[in-house]
Amino acid sequence: MQGRYLILLLVLAVMCGCARTAQVNGVQRELLKPARDADARGQQELAFELYRDLAEDGIAVAQYQVARRYETGEGTQVNYAEAARWYSSAAEMGFDRSYVRLAKLYEFGSGVPQDLDQAFVYYNKAAEAGDGSVHYKLGTMLERGRGTNVDVAAAAGHYEIAANDGDYLAQLELARFYEQGLGVAQDQAAAEHWYAEGAKGARKAAGRGDVRAQEILAGLYLEGKGVAVDREQAVTWFNTAAQKGHLSSQIKLARVFDSNDGAPRNAPLAARYYQMAADQGHGGAQYALGRMYATGDGVPRDETAAKDLLLKAAAQGETRGYVVLGDMYAAGRGIPENDSEALKWYMEAARHGDPNALYRIGGMYEGGRGVTQDPVQALMWYMLAEQEGYQASQEPVQRLSAGMDADEVRRAGQLAQAWRRGNLSS
């Protein structure tokens, strides 16, 4: 009896291998049952082994299950390359649930080289196979030209499909499209309708603890889109997300308190939320908080803390902190006075087009601080600052020009022009 059972299994396996299709037939269903039973019992490692054996025999659903386990680490080690390989095998057999998973791997370069074109292809395949969850993604890719050409009309079409399916993110994007007339005829009534629908969806998701939705809902209350303007509600929802470590909400809430828009500025609260974001390594927050410590704005004045924060921000390419660092070295605030170090930071800021730095370098050449005193060089830097719209530069430009001969003034202008070409031409 046992021998006849083994023969039957062999016959079934042969039949299974011949039927390379995404559809599960009766034979495959029987072969899949032990793996599914192991999965139901929580025996993940056994389920993985059984699915892998069937995947190698060409059963598409087993290939998908193996890929998913390699992606999530259920019953095996995470291996994105193997996940991509098995998703690809299932996709080639037309197993449509593989399309969206494979698209995400290509979008983020997980297990495969990042390839937005391929991601777009597979998201499109998923949509054509009836997966409604991808229309919002397709809309964003078409709007931004990621993996495809920009096509706002097509983007609007995908947003509309997703919006009608209740996707609040798509509803808000569609509202924006109607508001601005992007890919659709401008229609304020339609915009208001979709903002209101999107706000309802965001509120539901926010209530479930979705931090992204909490941030979006806060923004809607702040702008009065889909809901009445309500700064207190905006602050409440930003804070809810911020307390969970949501970096973007921390920054936005800091900026709410750092402005005079709708309520008096609250520097201590701004500093509190900048600190949260700075602790997570956000360069902009480190810069903002560094400036506050440098001047004692909302926090006790602490030049050492200011320097540490500004150096961290500068290391991340946050150019706005360069002039502040230069000022601290020039004045010896909290650090030893060092004109050469001040000039270094001013130069870094100047290369990024900061007119404050251009003006300060002019002052250093005029006074001979950190450099040999040189009125022509000073005039050159003042000219550059004036050309960048720095009003305070007008007085030294006129004063120094009046004390020079025409050749010196012309030389300063030529130096300014050459420096601009080499550093500010873009």
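Just so it is clear, the structure is predicted and the values come from calculations on it, not from any experiment.
- Residues meeting the side-chain hydrogen bond (donor to acceptor under 3.5 Å, both in side chains) test with D230, sequence neighbours left out: none.
- Remark: aromatic rings of F48 and Y70 are close, center separation under 6.0 Å.
- Taking CG of L116 as the reference point, atom OH of Y106 lies at 12.5 Å (rounded to 0.5 Å).
- Here E128 contributes atom CD and Y122 contributes atom OH; the two are 12.5 Å apart, rounded to the nearest 0.5 Å.
- Heavy-atom minimum distance, L384 versus A416: CD2-O, 3.5 Å.
- Sorted by first and then second residue, the side chain to side chain donor-acceptor pair (under 3.5 Å) pairs with a member in residues 260-270 read D258-R265, R265-D297; sequence neighbours excluded.
- Between L343 and V371, the closest side-chain pair of non-hydrogen atoms falls below 4.5 Å.
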Practice item. Output, in order, the C-alpha distance, side-chain angles, deciding distance and verdict of side-chain hydrogen bond (donor to acceptor under 3.5 Å, both in side chains) for Y87 and E71. Key: CA-CA 10 Å; Y87 279 138; E71 186 180 8; 2.6 Å; yes
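- Within the 4.5 Å cutoff, the side chain of Q377 has heavy atoms near those of the L415 side chain.
- Of the N and O atoms on the side chains of N239 and Q243, at least one donor lies less than 3.5 Å from an acceptor on the other residue.
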Point to revise | salt bridge (Lys or Arg N to Asp or Glu O under 4.0 Å) evaluation trace for K312 with D308 | key: CA-CA 6 Å; K312 286 177 182 178; D308 290 343; over 6 Å; no
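- Contact record, A392 with Y359: O-CE1, 3.6 Å, taken as the closest heavy-atom pair.
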Practice item. Could you please spell out the steps behind the side-chain contact (heavy atoms from CB on, under 4.5 Å) verdict for Y51 and R36? Key: CA-CA 9 Å; Y51 277 128; R36 287 171 170 166; 3.2 Å; yes
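- At least one side-chain heavy atom of R41 sits less than 4.5 Å from a side-chain heavy atom of L46.
- With rounding to the nearest 0.5 Å, the separation of CD in Q214 from OG1 in T236 is 11.0 Å.
- Each of R360, R369, K344 was checked for a salt bridge (Lys or Arg N to Asp or Glu O under 4.0 Å) with D339, and the lone residue meeting it is R369.
- Judged by distance alone, the side chain of Q286 and the main-chain N or O of L309 form no donor-acceptor pair under 3.5 Å.
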Practice item. Decide ring pair (Phe, Tyr, Trp, His ring centres under 6.0 Å) for H158 and Y136; before the verdict, give the C-alpha distance in whole Å, the side-chain angles of both, and the deciding distance to 0.1 Å. Key: CA-CA 6 Å; H158 284 288; Y136 169 73; over 10 Å; no
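- At a threshold of 4.5 Å between non-hydrogen side-chain atoms, the residues V152 and L142 do not count as touching.
- Residue A90 comes nearest to S98 through the heavy atom pair CB-OG, 3.1 Å, listed as atom of the first residue, atom of the second, then distance.
- Atom CZ of R212 is surrounded by 12 or fewer heavy atoms from other residues, nucleotides or ligands within 6.0 Å.
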Exercise for review: Kindly determine whether F238 and E215 satisfy side-chain contact (heavy atoms from CB on, under 4.5 Å), including the steps that lead there.
Suggested key: CA-CA 5 Å; F238 274 138; E215 178 192 30; 3.9 Å; yes
Review point. Should D210 and K244 be marked as a salt bridge (Lys or Arg N to Asp or Glu O under 4.0 Å) after you check the CA-CA gap, both sets of side-chain angles, and the distance that decides it?
Key: CA-CA 10 Å; D210 184 327; K244 294 176 183 176; over 6 Å; no
Practice item. Please assess R68 against Q65 for the test side-chain hydrogen bond (donor to acceptor under 3.5 Å, both in side chains), listing each intermediate value before the final yes or no. Key: CA-CA 5 Å; R68 190 176 64 79; Q65 291 292 343; 3.2 Å; yes
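- Within 6.0 Å of CG in N149 there are 12 or fewer heavy atoms belonging to other residues, nucleotides or ligands.
- For the 3.5 Å distance criterion, the side chains of D279 and Q275 qualify, holding a donor opposite an acceptor.
- Between the side chains of E107 and Y123, at least one donor-acceptor pair of N or O atoms lies under 3.5 Å.
- Between the side chains of Y195 and E179, at least one donor-acceptor pair of N or O atoms lies under 3.5 Å.
- In this structure, R291 has no salt bridge (charged side-chain N to carboxylate O under 4.0 Å, His left out) partners at least two apart in sequence or on a different chain.
- Donor-acceptor pairing under 3.5 Å is recorded for the side chains of N356 and D354.
- The backbone N or O of V256 sits less than 3.5 Å from a side-chain atom of S259, completing a donor-acceptor pair.
- With Q44 contributing its side chain and E74 its backbone, the two residues share no donor-acceptor pair below 3.5 Å.
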Exercise for review: Report the C-alpha distance between R52 and E49 in whole Å, list the side-chain angles of each, state the deciding distance to 0.1 Å, and finish with yes or no for salt bridge (Lys or Arg N to Asp or Glu O under 4.0 Å).
Suggested key: CA-CA 5 Å; R52 190 173 60 180; E49 293 298 331; 2.8 Å; yes
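- A donor and an acceptor atom, one from each side chain of E56 and Q63, are nowhere located under 3.5 Å apart.
- Shown here for V324 and A294, the closest heavy-atom pair between the two residues is CG1-CB, 4.4 Å.
- If you take CD on E82 and CD on Q77, they are separated by 13.0 Å, rounding to the nearest 0.5 Å.
- With hydrogens and angles ignored, the 3.5 Å screen pairs a side-chain donor or acceptor of T140 with a backbone N or O of K137.
- Proximity of L102 to S88: side-chain heavy atoms (C-beta onward) are separated by under 4.5 Å at one or more points.
- Ring centroids of F177 and Y159 are separated by less than 6.0 Å, placing the two rings close together.
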Exercise for review: Quick one: do D327 and Y346 satisfy side-chain hydrogen bond (donor to acceptor under 3.5 Å, both in side chains)? Show the steps, please.
Suggested key: CA-CA 8 Å; D327 288 346; Y346 290 148; 2.5 Å; yes
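- Between L310 and Y287, some side-chain heavy-atom pair lies under the 4.5 Å cut-off.
- Of all non-hydrogen atoms in E318 and G283, the two that sit nearest each other are CG-O, 3.7 Å.
- For the pair Y274/H282, no side-chain contact is recorded, criterion being any heavy-atom separation below 4.5 Å from C-beta on.
- Counting all heavy atoms, side chain and backbone alike, A62 lies closest to A55 at CB-N, 3.6 Å.
- T72 has its side chain out of reach of V78: every pair of non-hydrogen atoms, C-beta onward, lies at least 4.5 Å apart.
- In this pair, H352 and Y322 present their aromatic rings perpendicular. The plane angle is above 60°, beyond the 30 to 60° band.
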Exercise for review: Mind running side-chain contact (heavy atoms from CB on, under 4.5 Å) on L311 and W345 for me, showing each step along the way?
Suggested key: CA-CA 11 Å; L311 285 172; W345 285 109; 3.6 Å; yes
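- Side chain of N124 to backbone of F120: no donor-acceptor contact under 3.5 angstrom is found.
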Practice item. Go through E173 and R176 one step at a time and tell me if the salt bridge (Lys or Arg N to Asp or Glu O under 4.0 Å) criterion holds. Key: CA-CA 5 Å; E173 296 296 356; R176 178 172 58 86; 2.4 Å; yes
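- A 6.0 Å sphere centred on CD of Q280 holds more than 12 heavy atoms belonging to other residues, nucleotides or ligands.
- The distance from the CG atom of D131 to the CG atom of L138 is 9.5 Å, given to the nearest 0.5 Å.
- Atom-to-atom distance recorded for N164:CG and I161:CD1 is 8.5 Å, nearest 0.5 angstrom.
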